[in-house]
Amino acid sequence: EKAITSEEEALKALPAESAARIDVLNVLGTAFRIRYARIGDVDDLNKAKEAHEDAVQRTTHPNLHLYLNNLGDDLCASYNRTGNLDDLDSAVESYAKALQLSPPGAPIPPMYLSNHGTALRLRYLATGKDADLEQSIENSTQAVQQSPESAPNLPTYLINLGAGLLARFSRKGNVADLEQAVQVDE
């Protein structure tokens, strides 16, 4: 609550053209999404989307990839709440742009790969589009491969990879996918 209040006050105090507004909008959007996850008030989710959309639209900042990833998180949360496929399509697009805009020469953050893979898997489950599932598995595999064993998010990446492999097993019946999914989840 205090974080949201202080970020809202900071936003009011900054001139409209201030570059610092972008970072404040990003933090504010994330704070609203966290509160939405805890309380479930859809108004918080809408405010999170608005703040992140505003940050994305205002910036040519080198951290645009981060803002796009955060917007993708909001859109996925919205899809999970409403089932609105437009939100999911927008999340997939936002995550894809975040991947494209990752700093040149730097490894793509595993979180971006995993988030994009998860959104693609969700879209596959909604539409049955095989290409989405294959790309989901590819992204999830890369996220796992790029993460050291000590990475705090590695269990999440492994779960996402296992879910993709299980979805492909359900679709195609390839036992190797099931065996790999079981091995990933061990």
Side-chain angles (χ1 to χ4, degrees), residues 26 29-38 40 44-45 48-49 52 56 63-103 106-186:
N26 185 55
T30 301
F32 275 123
R33 187 178 60 248
I34 290 169
R35 190 167 74 179
Y36 163 74
R38 291 186 181 194
D44 284 337
L45 181 57
K49 285 194 301 187
H52 284 134
V56 165
N63 284 338
L64 179 57
H65 58 95
L66 173 65
Y67 308 149
L68 286 162
N69 187 72
N70 287 339
L71 176 59
D73 289 347
D74 301 336
L75 292 162
C76 263
S78 183
Y79 168 75
N80 286 331
R81 181 174 182 99
T82 66
N84 181 342
L85 199 54
D86 289 339
D87 283 338
L88 186 55
D89 287 338
S90 294
V92 167
E93 184 179 320
S94 190
Y95 288 138
K97 286 180 185 175
L99 286 168
Q100 292 169 353
L101 294 174
S102 292
I108 295 172
M111 175 178 51
Y112 293 5
L113 290 162
S114 183
N115 289 348
H116 188 235
T118 298
L120 286 166
R121 181 174 41 80
L122 290 172
R123 191 166 71 179
Y124 159 77
L125 292 171
T127 66
K129 214 171 139 182
D130 282 337
D132 282 345
L133 180 58
E134 295 304 320
Q135 186 63 54
S136 169
I137 293 169
E138 176 62 30
N139 285 9
S140 296
T141 299
Q142 287 181 37
V144 167
Q145 290 173 344
Q146 290 182 19
S147 299
E149 285 188 27
S150 61
N153 289 334
L154 181 58
T156 300
Y157 306 154
L158 288 165
I159 289 167
N160 291 341
L161 175 56
L165 292 165
L166 284 173
R168 188 166 66 186
F169 168 74
S170 294
R171 176 79 168 209
K172 297 184 177 184
N174 184 344
V175 175
D177 286 332
L178 179 60
E179 290 170 350
Q180 188 179 356
V182 168
Q183 183 179 18
V184 162
D185 286 337
E186 288 182 342

*Asks:* Who passes ring-ring contact (aromatic ring centres under 6.0 Å, His included) against Y157, sequence neighbours left out?
*Replies:*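 Y157 satisfies ring-ring contact (aromatic ring centres under 6.0 Å, His included) with no other residue.
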*Asks:* Are N70 and R33 packed together at the side-chain level, in the sense that at least one heavy-atom pair is separated by less than 4.5 angstrom?
*Replies:*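 Yes, side chains in contact.
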*Asks:* List the atom of N26, the atom of H52, and the distance in Å for their closest heavy-atom pair.
*Replies:* O-NE2, 3.1 Å
*Asks:* Do the non-hydrogen side-chain atoms of V182 and E179 ever get within less than 4.5 Å of each other?
*Replies:*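 V182 does not reach E179 side chain to side chain.
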*Asks:* Return all side-chain donor-acceptor pairs below 3.5 angstrom for residues 144-156, not counting sequence neighbours, or 'none' if the list is empty.
*Replies:*
unit_1 : atom_1 : unit_2 : atom_2 : d
S147   : OG     : A143   : O      : 2.7

*Asks:* Side-chain donor-acceptor pair under 3.5 Å between N160 and S140, yes or no?
*Replies:*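 No, because no side-chain N or O of N160 sits under 3.5 Å from a partner of the opposite role on S140.
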*Asks:* For the side chain of T141 and the backbone of I137, is there at least one donor-acceptor N/O pair under 3.5 Å apart?
*Replies:*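 Yes.
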*Asks:* For a quick test of reading the model, state the closest non-hydrogen atom pair linking G164 to L133 and the distance between them.
*Replies:* O-CD1, 3.6 Å
*Asks:* Calculate, to the nearest 0.5 Å, the distance between atoms OH and CZ belonging to Y79 and R123 respectively.
*Replies:* 10.5 Å
*Asks:* Once rounded to the nearest 0.5 Å, what's the spacing between atom NE2 of H116 and atom CG of N139?
*Replies:*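 Between H116 NE2 and N139 CG, I get 6.0 Å after rounding to 0.5 Å.
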*Asks:* Is the shortest heavy-atom distance from the side chain of Y112 to the side chain of S102 under 4.5 Å?
*Replies:* yes
*Asks:* Measure the spacing between CG of L66 and CG of L101 and express it to the nearest 0.5 Å.
*Replies:* 11.5 Å
*Asks:* Kindly indicate, with the supporting measurements, whether the criterion side-chain hydrogen bond (donor to acceptor under 3.5 Å, both in side chains) is fulfilled by E138 and Q142.
*Replies:* CA-CA 6 Å; E138 176 62 30; Q142 287 181 37; 2.8 Å; yes
*Asks:* Can you list the steps and then say if E134 with K172 is a salt bridge (charged side-chain N to carboxylate O under 4.0 Å, His left out)?
*Replies:* CA-CA 12 Å; E134 295 304 320; K172 297 184 177 184; 3.6 Å; yes
*Asks:* If you look at every heavy atom in N174 and F169, which pair is closest and at what distance?
*Replies:*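 In this case the closest contact between N174 and F169 is O-CD1, 3.2 Å.
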*Asks:* Strictly distance-based, threshold 3.5 Å: is any side-chain N or O of R121 a donor or acceptor partner for the main-chain N or O of L161?
*Replies:*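 Not at all, since once roles are kept as given, no pair shorter than 3.5 Å links the two residues.
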*Asks:* Of D73, N69, L75, which is the lone residue that meets side-chain contact (heavy atoms from CB on, under 4.5 Å) with L71?
*Replies:*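 Among D73, N69, L75, the one that satisfies the side-chain contact (heavy atoms from CB on, under 4.5 Å) with L71 is L75.
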*Asks:* Check A119 against C76 and note the closest heavy-atom contact, atom names and distance.
*Replies:* CB-SG, 3.9 Å
*Asks:* L178 versus L166: any side-chain heavy-atom pair under 4.5 Å?
*Replies:*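 They are in contact (side-chain heavy atoms under 4.5 Å apart), so the answer is yes.
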*Asks:* For residues D87 and S78, report the shortest heavy-atom separation together with the two atoms involved.
*Replies:* OD2-OG, 2.6 Å
*Asks:* Once you round to the nearest 0.5 Å, how far does CG of L113 lie from CG of L99?
*Replies:*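 Spacing of CG (L113) from CG (L99) equals 5.5 Å.
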*Asks:* Are the side chains of D132 and V92 in touch, meaning some heavy atoms are under 4.5 Å apart?
*Replies:* no
*Asks:* To the closest 0.5 Å, what do you measure between NZ (K49) and CZ (F32)?
*Replies:* 14.0 Å
*Asks:* Heavy atoms, side chains only, cut-off 4.5 Å: are T127 and L85 in contact?
*Replies:* yes
